[in-house]
Amino acid sequence: MGRIHVLSEAVANKIAAGEVVERPASVVKELLENSLDAGSTRIRINVEAGGKKLIQITDNGCGMVRDDALLAFERHATSKIKNAEDLLSVATLGFRGEALPAIASVSRLRLETCAPDENSGTIVEINGGKIFKVEEAGLPAGTSLTIRDLFFNTPARKKFLKAETTELSHIASLVTHYALAHPDKHFELHSATNAMLVAPPVAGYSERVYQVFGKDVLDQLIPIAAVQPLEHMGLPQPPPWRRKNEEDADGQDAPLPEPGEMRVRGFVSKPEIQKLNRNSIYVFVNGRLIRDRLIQHALTEAYRNILPPTVFPVVLLFLELPGGEVDVNVHPSKTEVRFRQQTVMHDFVRDSIRAALMKARPVPQFTTEIGAHPTASPSLTPGARTDQAFAARDFYPAMPLQTFALHAPVPPSVTERFEFGSGISVEGNNALALARAPQIVPFDGCTPVMPDEPEPPSELAPSLASLKPLGQIRESFILAVNHEGLWIIDQHVAHERVLFEKILKQRAAQMPQSQRLLMPLVLELAPAQQAVFAEISEELNKNGFEAEPFGTRSIAVKLAPAGVEGSQVEHMLHELLDQLMREEQALNMEKVRARIAASIACHAAIKVNMPLEQNKMEWLLAELAKTECPMSCPHGRPVVLRYSMKDIQKAFKRI
Ligand code: ADP
Ligand code: MG
């Protein structure tokens with residue numbers, strides 16, 4: 001007996017329909033959701049060329065009988081809802097009956113499906129929406145869908161697809177997060193012959209986070225678990241059509257069912273973890289990955305005074321509430337929902353997270369204003385480490401950022417002159433670079449934003465060559481003088497600039513400098529990181545690394561660039577892969593090369609809080625003077641500040 005039916009026009013018209021096939025990851029999302037709706041416990045996904053060439057998903061779910069296998073490709077054919085009332089409490093991920101026909105119309109599709117109690121299964125093949133084969137065959141129970149040559153018949157859409165790596169990392173991230181939401185199921189993702197994710201069932205969410213991301217990430221997270229009964233139903237009045245039917249039936253309203261309860265589980269990051277964007281926030285409502293402003297607001301409220309407003313936490317939330325409490329029929333790609341009791345939901349999420357954060361609050365208190373080390377690493381990978389936050393805090397042990405007189409202005413307010421109290425100013429020489437700088441300028445470590453265009457060679461190099469170092473401020477900034485005035489040089493970024501240019505030159509001459517690690521360093525990579533690694537491993541090797549795949553999701557690093565401490569190599573590679581992972585444009589090798597060089601330079605450079613001998617300071621300034629762009633670091637931060645003679649004279653009222 002078939003289960004699928006075509007929805008009536010009246011119901012179909014009530015559906016927030018729209019485009020579902022935008023890119024390979026949206027195909028994977030729809031098919032994955034279908035497999036989950038089919039009750040599968042084992043789902044395997046194979047892709048080739050970032051899904052552009054092939055997407056294959058095989059499950060062990062309820063399968064389809066022959067009639068259903070054909071009906072499934074009709075528009076608005078679904079087994080998941082029947083009437084408009086069902087739309088009010090959708091319990092499945094799908095409900096519109098649009099995905100399969102939409103996918104079939106823009107690809108070469110093959111369906112193999114068999115319901116567990118049937119003797120034989122069905123094969124259907126469709127090319128660009130036209131059925132050309134229907135066959136009976138002996139098949140295992142479950143469903144397998146193979147999508148080849150996505151958009152082969154819609155070249156305009158094909159043109160908009162991003163690089164294979166980008167598409168693959170979207171797919172990897174999607175599958176990873178569905179695997180996180182369903183720890184009791186077996187998920188596998190393979191790209192060609194490379195196993196990107198193999199996650200057998202585990203006991204719970206923590207085990208899954210550990211299984212997928214490893215111990216470091218789990219250590220950065222605080223678990224959340226809270227439940228709250230709902231006081232009333234989100235829909236005080238049943239919808240008009242239901243009211244009418246019930247009155248017809250027995251002349252009075254049926255008793256309302258119990259309002260139920262809402263539940264939140266998952267993880268939020270400790271305050272020292274700071275991300276530059278929202279890419280590490282994942283919220284699931286009843287198993288559905290969504291984007292929601294209300295929940296986003298609740299998160300911001302929960303972290304108020306714990307995180308600065310410009311940075312974001314890592315969040316993995318699984319919200320569960322009765323189907324009737326959430327309207328999933330509000331957005332074409334089903335990624336937005338509407339809570340029927342918005343305030344209740346908002347406050348519940350905010351308070352549950354706040355309470356967990358307070359409980360986990362370390363002693364002494366958070367000093368986020370000093371310890372900020374935002375990273376742009378976009379997903380849950382061991383990109384941001386607590387030790388950096390503390391290192392930065394040590395750097396200014398008692399001095400809040402805001403009172404540091406000579407600090408560079410925080411973008412986007414781009415100014416060329418830094419106020420120096422009584423109307424005197426210091427030239428930063430960095431306006432150009434700052435205009436392209438990241439939103440937040442971290443103290444130490446590397447940010448991903450690189451100036452895209454080459455900076456003009458500086459005219460200031462000759463004056464730098466005449467600098468005489470006097471000493472250091474807090475063992476971090478070199479004070480130097482020449483006839484032009486007083487200069488302050490950030491020793492870390494100055495050295496970073498020197499190394500950056502040197503590394504690029506060595507790379508161009510194919511003579512990178514390497515060091516052998518005492519022991520090969522084995523790194524676990526998240527699936528999306530693996531995709532980027534495959535793309536850039538050759539370039540890494542040309543920059544002094546020797547890093548090779550090691551097992552299914554690890555790499556072994558034997559050689560690392562000279563100057564980078566062994567302990568830094570792991571962090572550096574994770575950071576680099578994360579930066580490149582969310583590149584929307586195709587990875588252009590020149591950019592990759594510059595990022596690698598910037599990252600090596602950052603990790604090999606002299607640190608702040610490091611005493612320097614006179615001759616070392618002289619050497620550094622001389623080397624800086626020789627660089628092509630001595631005025632800003634490869635990440636766009638200023639290297640030097642100049643307090644000109646004129647300003648000094650003005651300050652002393654001599655002119
Ligand atoms: P929807 O998921 O909104 O119902 P789809 O077009 O995605 O619409 O799928 C149409 C129907 O095909 C589903 O309602 C379901 O009955 C059936 N179906 C799709 N994928 C599977 C699968 N993997 N296993 C079993 N049935 C499936
Ligand atoms: Mg579906």
Side-chain angles (χ1 to χ4, degrees), residues 1-8 11-12 14-22 25-46 55-84 86-87 89-107 109-118 121-124 126 129 131 134 139-147 174-175 178 182 185-188 286-289 323 328-335:
M1 253 296 281
R3 297 175 302 132
I4 303 183
H5 41 261
V6 176
L7 295 173
S8 71
V11 181
K14 290 200 170 67
I15 288 175
E19 187 58 71
V20 285
V21 195
E22 199 183 303
S26 44
V27 174
V28 174
K29 177 171 184 283
E30 292 295 332
L31 300 184
L32 196 56
E33 291 190 346
N34 279 347
S35 292
L36 289 167
D37 282 344
S40 314
T41 54
R42 246 192 116 84
I43 300 172
R44 180 189 163 110
I45 299 157
N46 285 346
I55 297 170
Q56 183 173 52
I57 173 162
T58 307
D59 67 43
N60 65 348
C62 66
M64 287 177 262
V65 296
R66 186 190 163 101
D67 287 354
D68 279 354
L70 289 167
L71 248 186
F73 294 97
E74 296 286 328
R75 273 200 81 198
H76 299 304
T78 181
S79 56
K80 302 174 191 175
I81 62 166
K82 288 200 176 71
N83 47 42
D86 292 341
L87 272 177
S89 55
V90 176
T92 46
L93 297 167
F95 56 89
R96 295 195 305 227
E98 286 207 309
L100 289 186
I103 296 166
S105 68
V106 291
S107 66
L109 180 149
R110 178 180 166 97
L111 165 74
E112 295 180 10
T113 187
C114 181
D117 43 4
E118 295 286 310
T122 312
I123 294 175
V124 179
I126 303 179
I131 298 187
V134 182
L139 292 170
T143 301
S144 175
L145 269 151
T146 311
I147 315 297
L174 185 95
V175 178
Y178 270 93
H182 299 273
K185 304 194 168 181
H186 181 112
F187 285 83
E188 278 184 41
N286 292 347
R288 184 191 305 278
L289 184 58
V328 292
N329 183 27
V330 291
H331 189 260
S333 62
K334 299 176 289 180
T335 49

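Just follow the structure's listing: the first ligand is 1, and inside any ligand the first atom is 1.
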Interatomic distance, OG1@T146 vs CD1@I55, rounded to 0.5 Å, equals 10.5 Å

Salt-bridged, R42 to E188, with N to O below 4.0 Å? yes

re atom 8 (O) of ligand 1, the protein heavy-atom contact at minimum distance is G97 CA, 3.0 Å

If we number the atoms of ligand 1 from 1 as shown, the ones under 4.0 Å from a heavy atom of E98 are 6 (O), 8 (O)

Next on the checklist: Between D37 and K80, does any NZ, NE, NH1 or NH2 come within less than 4.0 Å of an OD or OE carboxylate oxygen?
Outcome noted: yes

Rounded to the nearest 0.5 Å, the NE2 atom of H76 sits from the OG atom of S8 at a distance of 10.0 Å

To the nearest 0.5 Å, atom CG of N34 lies from atom OG of S79 at 8.5 Å

(message) Contact between ligand 1 and G61 is defined here as a heavy atom of the residue under 4.0 Å from a ligand atom; is it met?
(response) no

Please report the C-alpha distance between I147 and Q56 in whole Å, then the side-chain angles of each, then the deciding distance to 0.1 Å, and finally whether the side chain to side chain contact (heavy atoms under 4.5 Å, CB included) criterion is met.
CA-CA 6 Å; I147 315 297; Q56 183 173 52; over 6 Å; no

- Checking only N/O/S atoms, does N34 have one that is under 2.8 Å from the Mg ion (ligand 2)? yes

shortest atom 22 (C) of ligand 1-to-protein heavy-atom contact is with T143 OG1, 3.7 Å

Under 4.0 Å between heavy atoms, the region of A38 that gets near ligand 1 turns out to be side chain

Under 4.0 Å from one or more heavy atoms of G94, ligand 1 contributes atoms 2 (O), 3 (O)

Restricting to heavy atoms, the pick from I43, N34, D59 nearest atom 23 (N) of ligand 1 would be D59

Under 4.0 Å from one or more heavy atoms of A72, ligand 1 contributes atoms 12 (O)

Original post:
Just by modelled atom types, is the I81 backbone N or O under 3.5 Å from a matching donor or acceptor in the H5 side chain?
Top reply: yes

Closest to atom 2 (O) of ligand 1 among protein heavy atoms sits K80 NZ, 2.7 Å

Nearest heavy atom to atom 17 (C) of ligand 1, choosing from E74, E33, M64, belongs to M64

Taken to the nearest 0.5 Å, the spacing of I126 CD1 from R110 CZ works out to 12.0 Å

So for T78 against ligand 1, with non-hydrogen atoms under 4.0 Å, the contacting part is both

If you scan protein heavy atoms around atom 6 (O) of ligand 1, the nearest is L100 N, 2.9 Å

d(L31 CG, I57 CD1) to nearest 0.5 Å is 5.5 Å

With heavy atoms and a 4.0 Å threshold, my read on which part of A77 contacts ligand 1 is backbone

Counting from 1 in the order shown, the ligand 1 atoms closer than 4.0 Å to a non-hydrogen atom of I4 are 11 (C), 12 (O), 16 (O), 17 (C)

Counting from 1 in the order shown, the ligand 1 atoms closer than 4.0 Å to a non-hydrogen atom of R96 are 3 (O)

the protein heavy atom lying closest to atom 15 (C) of ligand 1 turns out to be S79 OG, 3.5 Å

If we number the atoms of ligand 1 from 1 as shown, the ones under 4.0 Å from a heavy atom of A99 are 6 (O), 7 (O)

